[in-house]
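Shown next, in structure tokens, is the structure this report addresses.
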Amino acid sequence: MRRVRLQRDLPVPMPDGVTLLADHYAPAGGGRAPAVLIRSPYGRRGLFGWMYGRGFARHGFHVVIQSCRGGFGSGGLLDPMADEHDDGLATLAWMRAQPWYDGSFAMFGPSYLGYTQWAIAADAGPELKAMAAQITASQFRDAAYVGGAFALESALSWTAMTDAMARPFGGTAVLTAPRLTRRAVLSGRPVAELDLATAGRPLPFFQDLLAHHADPAVPYWDKRDFSPRVGQVEAAVTLLSGWYDVFLPWQLKDYLAMRRAGRRPYLTIGPWYHVDARHGRPSMAEGLAWFRAHLLGDGSGLRADPVRLHVTGAGEWRDYPDWPVPGMTPQRWHLRRGFGLGPEPPREGGADRFRYDPAHPTPVLGGPVLLSDSRPRDQRRLEARRDVLVYSSPALAADVEMIGPVTAELFVRSSTPYVDVVVRVCDVHPDGRSLNLCEGVRRLRPASGRDEPVEGDVRRVAVELWPLGHRFRAGHRIRVHVAAGAYPTIARNSGTGRPIGDGGPMVPADVEVFHTPDLPSAVVLPRVAAR
């Protein structure tokens, strides 16, 4: 293991005259060697410097950890996601001029640090040999407006955290921001004022997210969305995520985009959530093995199969050649009369009803949130509410494994065209515990496109849920929730179609969910043969 030399606060000029600061970790006595570039809005020192800077440098790599503009000594103003392409390429140009740079580099990092990788990956040229991106995606737009609904808690907590990190004692922001956010969203203030309640002042990025919610396909996102170019990235890419991570669906879309382009990325999904410390060690180990293989020619640390999944419920790690896994078969589990659930289509007509009142929104227990513990939680308190429909299968006679994408097709009628449809899948244990596994939401507006009425004013609603990798054990039951809210994970739907930021009137929604031979509402689960 090599000793490490550290140079702090190196100035890196940007084309617009702003100077960003970087720290350089170098193997002591080492000359020219491959580099690892890490660009972060969360600072350069502490855990980042120790784990990433010293960690990679001890194995013979030069490491550059740079603070993104607007924070931790770097000049300019932080405009989240807006400058990472140009600033990243300017940093690469600076790195080329350094005497220690040998003409090849890799990029590493989780969350926003992974996004900064995608920001330049397609334009970095052949010098970029490898990427290791964790719990991240090439665009954050769809995670901010998940299913068309506004991801209120995640958006507010992240903007509050990044604002607080730039202040004295900002190192505690990752702990304080979730609590301040939860207090704010329960205050009853209009959404547009929640940044004031959390940070004491307007937060520009939060206000930008509100302003562009009605139509995400606006120029604001053009320079912040790198998903159209994922297939053009020629560097070797390894991805790591968790079943409960807030960015998992879009990280898998990046994986599939690379596969369609003929690439062979690696993929690891563990039983982790976004701020789960347990994925830190495997992230570093996989990144190091990946970089040694693709920058130093030592592939001894790579596994044989590119996809590695932890199957929850079984407690097993499995290796597969691809995602979705071979042998996966989509299986419809139909909502049935009497709140049953099963693979057989309904044979008789029926509909179930509930009222959603935005003045008292349906709460959420667990589920993917950016800065909170998102592991499964017992849902029985939620299931007792009148505004949640609960459908359960009989106890399973044998183990059932579901590994892959999850969707729902529901036939819905609502008294207002502005309503959310929330679907959740749970594993019910023999002792009655009902643990949430995955969920999804669609925010509806007056019918158009795939939500055209199919019978009178009944609408077919397609919902994409988080993917699943789980064994339902014999004696357990599969359960599905249908609701119209998951507050404060998503902002409440006022029922009026008005902008989500204002505090105007709210209209309750009377919702019917049909399960008839002609309108067979179902959740589509990814069945595989149990091992």
Side-chain angles (χ1 to χ4, degrees), residues 10 12 20 22-26 33-44 48-49 51-57 59-69 74 81 83-96 98 100-140 226-227 229-241 247 251 254-255 257-258 263 265-268 279-280 283-296:
L10 298 177
V12 182
L20 307 187
D23 293 347
H24 174 215
Y25 296 79
V36 177
L37 174 62
I38 301 170
R39 303 191 61 250
S40 168
Y42 307 127
R44 308 184 298 283
F48 286 134
M51 282 188 64
Y52 304 156
R54 295 185 183 277
F56 288 122
H59 288 271
F61 297 97
H62 290 278
V63 184
V64 174
I65 304 181
Q66 181 187 64
S67 290
C68 298
R69 67 170 57 209
S74 288
M81 301 176 281
D83 299 299
E84 308 310 345
H85 176 266
D86 292 351
D87 287 356
L89 292 180
T91 302
L92 176 56
W94 170 86
M95 201 161 60
R96 289 190 185 110
Q98 305 310 304
W100 44 260
Y101 179 62
D102 79 342
S104 63
F105 78 106
M107 293 188 290
F108 178 89
S111 195
Y112 196 99
L113 287 69
Y115 174 82
T116 65
Q117 298 181 51
W118 287 118
I120 68 169
D123 294 321
E127 295 168 77
L128 176 60
K129 304 299 183 183
M131 295 168 51
Q134 306 89 28
I135 54 170
T136 190
S138 60
Q139 54 92 9
F140 291 158
F226 301 100
S227 59
R229 303 191 65 191
V230 166
Q232 300 174 23
V233 176
E234 296 186 0
V237 178
T238 183
L239 304 175
L240 181 144
S241 191
F247 297 125
Q251 191 161 17
D254 290 338
Y255 173 89
M258 287 184 280
R263 317 290 183 214
Y266 270 38
L267 172 69
T268 300
H279 57 62
S283 294
M284 190 68 188
E286 292 194 5
L288 179 60
W290 197 249
F291 296 162
R292 289 187 63 83
H294 296 285
L295 284 87
L296 302 180

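Computed from a predicted model, the values in this text were never measured in an experiment.
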* Please confirm whether the backbone N or O of S67 pairs with a side-chain atom of S74, one donor and one acceptor, at under 3.5 Å? => yes
* How many angstroms lie between atom CH2 of W94 and atom CG of L37, to the nearest 0.5 angstrom? -> 9.0 Å
* To do: Could you tell me whether the side chain of H279 reaches within less than 4.5 Å of the side chain of I135, counting heavy atoms only?
  => yes
* Asked: Does Y101 reach the side chain of L92, with side-chain heavy atoms less than 4.5 Å apart?
  -> yes
* Evaluation steps, side-chain contact (heavy atoms from CB on, under 4.5 Å), between W118 and S227 -> CA-CA 8 Å; W118 287 118; S227 59; over 6 Å; no
* Asked: Just by modelled atom types, is the R39 backbone N or O under 3.5 Å from a matching donor or acceptor in the T116 side chain?
  -> yes
* To do: Please examine the side chains of M131 and V233, heavy atoms only from C-beta on, and report whether any two atoms are closer than 4.5 Å.
  => yes
* Mind checking whether F61 and F105 have ring centres under 6.0 Å apart? -> no
* Structure fact -> Residue pairs passing the salt bridge (charged side-chain N to carboxylate O under 4.0 Å, His left out) test with at least one member in residues 110-127, sequence neighbours excluded, are R96-E127, D123-R229
* Out of curiosity, R44 CZ to L20 CG, how far, rounded to the nearest 0.5 Å? -> 10.0 Å
* To do: Give me the ring orientation class for Y42 and F48: parallel if the planes are under 30° apart, tilted from 30 to 60°, perpendicular past 60°.
  => parallel
* **Test item: Q139 side-chain N/O and A137 main-chain N/O as donor-acceptor pair under 3.5 Å** => no
* Start with the C-alpha gap between L296 and H59, add the side-chain angles, then the distance that decides, and say whether side-chain contact (heavy atoms from CB on, under 4.5 Å) holds. => CA-CA 10 Å; L296 302 180; H59 288 271; over 6 Å; no
* Supply the atom-to-atom distance I120 CD1 to L89 CG, rounded to the nearest 0.5 angstrom. => 5.5 Å
* Closest non-hydrogen atom pair between L113 and P41, with its separation -> CD1-CD, 4.1 Å
* Using side chain to side chain donor-acceptor pair (under 3.5 Å) as the criterion, list what pairs up with T91, not counting sequence neighbours. => Q66
* To do: Could you tell me whether a side-chain N or O of Q251 sits under 3.5 Å from a main-chain N or O of L240, the two making a donor and an acceptor?
  => yes
* Asked: What closest approach, in Å, do M95 and A35 show between heavy atoms, and which atom pair accounts for it?
  -> SD-CB, 4.1 Å
* Output the distance between atom CD1 (I65) and atom OG (S40), rounded to the nearest 0.5 Å. => 8.0 Å
* Structure fact -> Heavy-atom nearest pair, V63 first then G53, reads CG2-O, 3.6 Å
* **Smallest separation among heavy atoms of Y52 and M284, with atom names** => CD2-SD, 3.9 Å
* Got a second to check how far W100's CH2 is from H24's NE2, nearest 0.5 Å? -> 4.5 Å
* In a check of ring-ring contact (aromatic ring centres under 6.0 Å, His included) between F56 and each of F108, W290, Y25, which one passes? -> F108
* **Separation between CG of L295 and CG of L128, rounded to the nearest 0.5 Å** => 8.5 Å
* At their closest point, which heavy atom of F247 faces which heavy atom of S111, and how far apart are they? -> CE1-OG, 4.2 Å
* Counting N and O atoms only, with roles assigned by atom type, does the side chain of T136 sit under 3.5 Å from a partner on the main chain of Y115, one being a donor and the other an acceptor? -> yes
* If you take all heavy atoms of C68 and E84, which pair is closest and at what distance? -> SG-OE1, 3.6 Å
